[in-house]
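Encoded as structure tokens, the structure appears first; notes follow it.
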Amino acid sequence: MLTLKQIQENKQEVIERLKVKNFDATAIVDQIIHLDNQRKVTQAKSDQLLAETNALSKSIGLLLKEGKAEEANVSKEKTAALKEQIKEETTLLETTEKALQAALVQLPNLPHTSVQAGKSAEDNITVREGGQMPTLTNALPHWDLAKKYDLIDFELGVKLTGAGFPVYKGKGAKLQRALINFFLEEAIAAGYQEVMPPLMVNEESGFGTGNLPDKEGQMYYVEVDKLYLIPTAEVPVTNIYRDVILNASQLPVRNCAYSACFRREAGSYGKDVRGLNRLHQFDKVEIVQVAHPDKSYETLEGMVAHVQTLVEKLQLPWRILRLCGGDMSFTSAMTYDFEVYSAAQERWLEVSSVSNFESFQANRLKLRFKEDGGKKAQLAHTLNGSALALPRIVAALLENNQFEGGIRVPEVLVPFCGFDIIS
RNA sequence: GGAGAGAUGGCAGAGUGGUCGAUUGCGGCGGUCUUGAAAACCGUUGUACCGAGAGGUACCGGGGGUUCGAAUCCCUCUCUCUCCGCCA
């Protein structure tokens, strides 16, 4: 969430920049400023009353020590009246703070000043592209290939769990492992430290990365234990740094993690959910960084460059989009999407999203750092990206590399899976 | 799941109703000494909010209560440890 300081000092700018995300913040910003001002007044009053009571209590202690019980009793009566007032003020303070918090979490992150306005995916800008476009005729879609070579069983997944939970089999399963290991090794070689996080998180973690309260319905929830299945490793990995104060010399912190990801995907339908295009459970390697505010956009470019090497090594046709304000997530200040082209579906599939959240998550997480020798802790910047999400990569690999005799496995994966042809 | 013990500052560990934001040790930072280092010695060392400042307020796992006053007493929740049971 945005900081109160940001909103108080740059009210008009906040409103203007959120227009780029098609968000009218005027009413909420006014409400926040009003509540914050009320909070300050209320706190000043309540602090002063508390100070008076504290002083009286101290004097009562001294009086009793000197055996002046009569005088002590007079003071005790005085505190009774003060306590009434304190209760009133603190109740008001609490409700004001709650209302303030409720208003604050409604504001999306400010898009970076260079982000273009726009309504939907159509307004995204292609910043780079590469790879060979496929020239296949009569290419089979990946769901047919998966059946033909017995790689993925969607119906079996329906039997075991439900739609969107495929069962990978034989070389299909091994290809998953190979991709996971390939992505992890690439990330480690690029300087990321691997972590293997829990697949469920508590409510605090969901709040820290901005998944709660607004995306509640997108996560699976285990009611009895009040735990959420993670929609991405971003959630547990970023929350490692919740309530942490780092030294500037430790930045940037770089982590990578493989995890299964769980998404309810309520409201999705049609060709978007066919085959591997949109699943309730899928595998992903995620990269996460905590960066110094002055360096976070450099960091973002570095992460984009890393993801680019992955799609290049896999020899897939790729392009990088910079998302317009309207297509960006609630929490992001700038996002690049990676898409790969799939030969049979004849369309671009999103396989990665790399974002800078600036201090938006850090503010919720209380993730801060201190300049070397500095006294004051300030909010760090957080970033993350998929590197990469498997299902659509698999879809594109199967579709683009098919030939009469089978499916060719990209060279970089052969050491990881042990075969070069699926037949 | 049953029984018991515990949760205090970066870490260790005191503190069982008042001047305790908290003794002390270690670690960190600064200094003295030294050619340099070590040792020794001296000083310093939490976070947030309000305030122009002086200063004030809150925080001893979370929440609630008793009291003029709570790290300290009571209730409750969470977590950790030990033993028993079960188990990948």
Side-chain angles (χ1 to χ4, degrees), chain A residues 1-9 32-104 196 198-208 212 221-228 236 239-251 253 260 290 359 362-380:
Chain A
M1 66 195 167
L2 302 179
T3 62
L4 283 166
K5 204 172 169 217
Q6 264 176 307
I7 298 167
Q8 285 276 18
E9 290 174 7
I32 287 170
I33 289 175
H34 170 254
L35 286 167
D36 189 38
N37 293 340
Q38 188 185 324
R39 181 190 119 257
K40 286 179 186 174
V41 172
T42 313
Q43 189 181 331
K45 220 186 262 180
S46 117
D47 277 1
Q48 193 221 324
L49 290 168
L50 282 166
E52 279 177 45
T53 316
N54 286 344
L56 268 174
S57 291
K58 250 179 210 177
S59 72
I60 290 170
L62 290 174
L63 288 171
L64 288 174
K65 224 175 231 172
E66 294 163 18
K68 299 177 181 167
E70 280 300 312
E71 286 175 52
N73 279 331
V74 174
S75 292
K76 277 190 194 183
E77 275 165 39
K78 275 191 210 162
T79 61
L82 280 171
K83 277 176 85 176
E84 281 295 310
Q85 289 184 58
I86 287 169
K87 188 156 193 187
E88 247 173 65
E89 291 300 325
T90 51
T91 307
L92 179 59
L93 186 59
E94 265 172 45
T95 53
T96 307
E97 276 174 347
K98 263 187 199 152
L100 184 57
Q101 183 73 7
L104 272 173
M196 195 178 265
L199 302 181
M200 295 191 198
V201 292
N202 56 29
E203 196 183 332
E204 290 75 36
S205 295
F207 177 81
L212 294 173
Y221 182 54
V222 182
E223 181 89 43
V224 277
D225 295 301
K226 302 201 184 326
L227 295 173
Y228 295 86
N239 271 281
I240 291 173
Y241 304 98
R242 171 151 51 85
D243 292 318
V244 167
I245 299 176
L246 297 160
N247 293 320
S249 59
Q250 291 174 272
L251 302 175
V253 172
V290 180
S359 61
N363 190 31
R364 289 175 163 224
L365 292 160
K366 296 195 171 63
L367 162 51
R368 290 161 295 170
F369 74 99
K370 271 185 188 169
E371 293 291 358
D372 295 327
K375 205 78 180 111
K376 188 85 180 145
Q378 53 176 317
L379 294 174

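The chains referred to below are lettered A, B, ... by the order of the sequence lines, with proteins before strands, and numbering in each begins at 1.
With pairs defined as Watson-Crick or G-U wobble and both atom distances under 3.5 Å, the stems of at least three pairs that touch RNA chain B come out as B:1-7 with B:78-84, B:10-12 with B:24-26, B:27-32 with B:40-45, B:46-50 with B:55-59, B:61-65 with B:73-77.
Remark: P of B/C68 and CD of A/Glu70 are 16 Å apart, rounded to the nearest angstrom. In this structure, NZ of A/Lys40 is placed 16 Å from P of B/A48, rounded to the nearest angstrom. Distance CD (A/Gln38) to P (B/C50): 15 Å, rounded to an integer number of Å. Atom C1' of nucleotide B/G61 and atom CG of A/Asp243 are separated by 13 Å, given to the nearest angstrom. In this structure, A/Ile86 atom CD1 and B/C50 atom P are separated by 20 Å, rounded to whole Å. As rounded to whole Å, 17 Å separates atom C1' of B/G51 from atom NZ of A/Lys45.
Interatomic distance, A/Leu365 CG to A/Met1 CE, rounded to the nearest 0.5 Å: 9.5 Å. Atom CD1 of A/Ile7 sits about 8.5 Å away from atom CG of A/Asp36, to the nearest 0.5 Å. Rounding to the nearest 0.5 Å gives a distance of 11.5 Å between CD1 of A/Ile245 and CZ of A/Phe369. With values rounded to the nearest 0.5 angstrom, A/Lys83 atom NZ is found 11.5 Å from A/Leu50 atom CG.
Here A/Arg39 reaches the OP1 or OP2 of B/C50: one of its side-chain N or O atoms lies under 4.0 Å away.
Remark: side-chain polar atoms of A/Thr3 are paired, donor with acceptor, to backbone N or O of A/Gln6 under 3.5 angstrom.
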Dump the pairs, protein N or O against N or O of nucleotides 43-47 of chain B, anything under 3.5 Å, distances to one decimal.
{"residue": "B/U47", "atom": "OP1", "partner": "A/Lys370", "partner atom": "NZ", "Å": "2.5"}
{"residue": "B/U47", "atom": "O3'", "partner": "A/Arg368", "partner atom": "NH1", "Å": "3.1"}

Could you write out each protein N or O paired with an N or O of nucleotides 53-60 of chain B at a distance under 3.5 Å?
{"residue": "B/G56", "atom": "N2", "partner": "A/Asp47", "partner atom": "OD2", "Å": "3.1"}
{"residue": "B/U57", "atom": "OP1", "partner": "A/Asn54", "partner atom": "ND2", "Å": "3.3"}
{"residue": "B/U57", "atom": "O2'", "partner": "A/Asp47", "partner atom": "OD1", "Å": "2.9"}

Show each protein N/O and nucleotides 18-22 of chain B N/O combination with a separation under 3.5 Å, one pair to a line.
{"residue": "B/G18", "atom": "N2", "partner": "A/Ser57", "partner atom": "O", "Å": "2.7"}
{"residue": "B/U19", "atom": "O4", "partner": "A/Lys65", "partner atom": "NZ", "Å": "2.8"}

Protein and nucleotides 74-76 of chain B: nitrogen or oxygen contacts under 3.5 angstrom:
none

Table of protein N/O atoms under 3.5 Å from nucleotides 77-80 of chain B N/O atoms:
none

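Each of A/Glu94 and A/Lys83 was assigned the nucleotide of RNA chain B with the nearest heavy atom; the assignment lying further toward the 5' end belongs to A/Glu94. The residue among A/Lys87 and A/Lys376 whose nearest nucleotide of RNA chain B is located toward the 5' end is A/Lys376.
In this structure, A/Glu70 places its CD atom where only 12 or fewer heavy-atom neighbours from other residues, nucleotides or ligands lie under 6.0 Å away. A 6.0 Å sphere centred on CD of A/Glu204 holds more than 12 heavy atoms belonging to other residues, nucleotides or ligands. Within a 6.0 Å radius of CD in A/Glu84, no more than 12 heavy atoms belonging to other residues, nucleotides or ligands are found.
Of the residues A/Leu4, A/Thr96, A/Leu104, the one that meets the side-chain contact (heavy atoms from CB on, under 4.5 Å) test with A/Leu35 is A/Thr96.
Side-chain contact annotation: A/Ser57 with A/Asn54, donor-acceptor N/O pair under 3.5 Å absent. Side-chain atoms of A/Gln48 and A/Glu52 include a donor-acceptor pair closer than 3.5 Å.
If you take atom P in B/G17 and the same atom in B/A12, they sit 26 Å apart, rounded to whole Å. Taking the C1' atom of each, B/G21 and B/C74 are spaced 25 Å apart, rounded to whole Å. For the C1' atoms, the distance linking B/C81 with B/G27 amounts to 25 Å, nearest Å.
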